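Everything below concerns the one structure shown next.
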Number of protein chains: 2
Amino acid sequence: MIQSPVWRSPITASDRVLAEIQQAIVAGEIPAGSKISEPELARRFAVSRAPLREALARLERCHLIERTPNAGARVVTLSTAGLRSLYEIREELEGLACRLAAEHMADEEIADMRRLLDQHLQEQRVREGESYYQEAGDLDFHYRIIFGSKNQYLINILCDELYYLMRMYRVQLGMNGPRVSRAFDEHKAIIQAIANRDGELADLLMRRHVSASRHHIEIQLQQMGK
Amino acid sequence: MIQSPVWRSPITASDRVLAEIQQAIVAGEIPAGSKISEPELARRFAVSRAPLREALARLERCHLIERTPNAGARVVTLSTAGLRSLYEIREELEGLACRLAAEHMADEEIADMRRLLDQHLQEQRVREGESYYQEAGDLDFHYRIIFGSKNQYLINILCDELYYLMRMYRVQLGMNGPRVSRAFDEHKAIIQAIANRDGELADLLMRRHVSASRHHIEIQLQQMGK
DNA sequence: ACTTAGCAGATTGTCGACAATTATAATTTA
DNA sequence: TAAATTATAATTGTCGACAATCTGCTAAGT
């Protein structure tokens, strides 16, 4: 399991509840569009409303719920428009991350990333199509590049604010399936560009990579919706 | 005064306190880098710690404070690295906003924006160098384009999460001064590109516009720092 | 003299209860 | 019968107090 980049030791009740609700929403256990009842959730997770509200504030921050004053909170509803908006930003920012990573990543980090990618590739060949490892590997790849950008705000936006929502789309729309081997090739090409300190190329390749992923999801979404 | 785009009627004590603390931090009344004392602020604004903590959560969201569990919150410290990180993202996302605006803005909205720009230009010529109107006009321009993108997350990131921090840099580094008339010309060119539905050009022009602004600030920062 | 252990003070995290607002349902009226 | 209105119930926002944790200082030990 890959954990949140900004790690505030998860000892507080608020952190624990946040993690549990995040998972529940992403997994659809708390349905999209449903209303959030503070007393109910407080009972369910055995905490007072104070840490629960703290958790809700952070859930709003990563766009998993929407709150209106004096009226409560609702889990976000998934839509094709929302998905497109999300990917529009992701494409742009992950491209930027690549450009910055090509500039700021240490050689050591790049070598590490290469080693890890090969390792994931081997695991992948063994467990063909096992979606968990695939996703974990993919995530690790993207995370490392984003962190390699050394841009605090970029890291925060992509890994804290948009990540869980993307995960929610993937999980609830059943985005397992193939597009694995090609993704691996694309990953390798991107790393190569970063290793060559070719930020522009890495940017371009990453945009295409994300764009392909988006296309893949949109098609799957169309087949589903109608 | 231009108010936050997502307007949650500011009746709650939390909203009121949030607005006051935001202003105090941006203006430097609560110094950058200083520690936040919950009891002290609660007394100062005559509220309990509950709404104050709600406000602190939102201040963390717009990067004006940094919290560590069980250790309290500090006002962020300004740095050239932070400023650069901020502008790297702003450049990218405002460029994206232009591209999307060229695609999604209604003719009516574009016409409105043009009218408003001319009006601001007149006001500008009358009150030569009056920084408030200048900034208000500049802000209005950028806001309209960002909203024109019709991308919820983009709007949220730029107008809610990064705006106040940029404002803090501008205010505390004393970014008044000229670069006015040229900025107006750049604004006109960007609007023209959007009116022509030329997203790529609008993107390019906006990136240059933001980049020029960043350059301008960095120079002023260098002259100051040493 | 410097490091380390322990203690006092203050601060943050959490709790339960109350007040203000909103949503729901029953009731009345056109 | 349908719309408007009032009353009730539930939910959210806020408060003050208690418990857990951290910070800074004192004091003992090497």
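Letters A, B, ... are given to chains in the order of the sequence lines, protein chains preceding strands, and every chain is numbered from 1. Predicted model, so just to flag it, every value in this text is computed and none were measured.
Side-chain contact between B/Tyr164 and B/Ile25: absent, with no pair of heavy atoms (C-beta onward) separated by less than 4.5 Å. With a 4.5 Å cut-off on side-chain heavy atoms, A/Glu54 and B/Glu54 do not count as touching. Between A/Leu154 and B/Glu92 there is no side-chain heavy-atom pair separated by less than 4.5 Å.
A straight line from CZ of B/Arg74 to C1' of C/dT11 spans 13 Å, rounded to a whole angstrom. Between the CZ atom of A/Phe45 and the C1' atom of C/dT14 there is a distance of 17 Å, given to the nearest Å. Summarising the geometry, the separation between CG on A/Asn70 and C1' on C/dT22 is reported as 7 Å, rounded to the nearest angstrom. Summarising the geometry, the separation between CD on A/Glu60 and P on D/dT12 is reported as 14 Å, rounded to the nearest angstrom. Atom-to-atom, CG of B/Leu52 to P of C/dG13 comes out at 11 Å; the value is rounded to the nearest Å. D/dC15 atom P lies 13 Å from atom CD of B/Glu54, rounded to whole Å. Between the CG atom of B/Asp15 and the C1' atom of D/dT12 there is a distance of 13 Å, given to the nearest Å. Atoms CG (A/Leu56) and P (D/dT12) sit 9 Å apart, rounded to a whole Å.
Comparing D/dT23, C/dA23, C/dT14 by their closest approach to the side chain of A/Ser14 singles out C/dT14. Proximity note for B/Ala50 (side chain, C-beta onward) versus D/dC15, C/dC15, D/dT12: the nearest is D/dC15. Checking C/dG13, D/dG13, D/dC22 against every side-chain atom of A/Arg67, the shortest atom distance belongs to D/dG13.
Side-chain N or O atoms of A/Arg197 include one that pairs as donor or acceptor with a backbone N or O of A/Ala102 at under 3.5 Å. Using a distance-only test at 3.5 Å, with no hydrogens or angles considered, a donor-acceptor pair links the side chain of A/Arg74 to the main chain of A/Gly33.
Scanning residues 29-44 of chain B for heavy-atom distances under 4.0 Å to DNA chain C yields B/Lys35, B/Ile36, B/Glu38, B/Pro39.
With DNA chain C read from its 5' end, the first of the two nearest nucleotides for A/Ala13 and A/Ala71 is the one closest to A/Ala13.
B/His63 pairs by the ring-ring contact (aromatic ring centres under 6.0 Å, His included) definition with A/Tyr153, not counting sequence neighbours.
Using a cut-off of 4.0 Å between Lys/Arg side-chain N and Asp/Glu carboxylate O, B/Arg61 and A/Asp160 are scored as not salt-bridged.
For B/Arg49, no side-chain nitrogen or oxygen approaches OP1 or OP2 of C/dT12 to under 4.0 Å.
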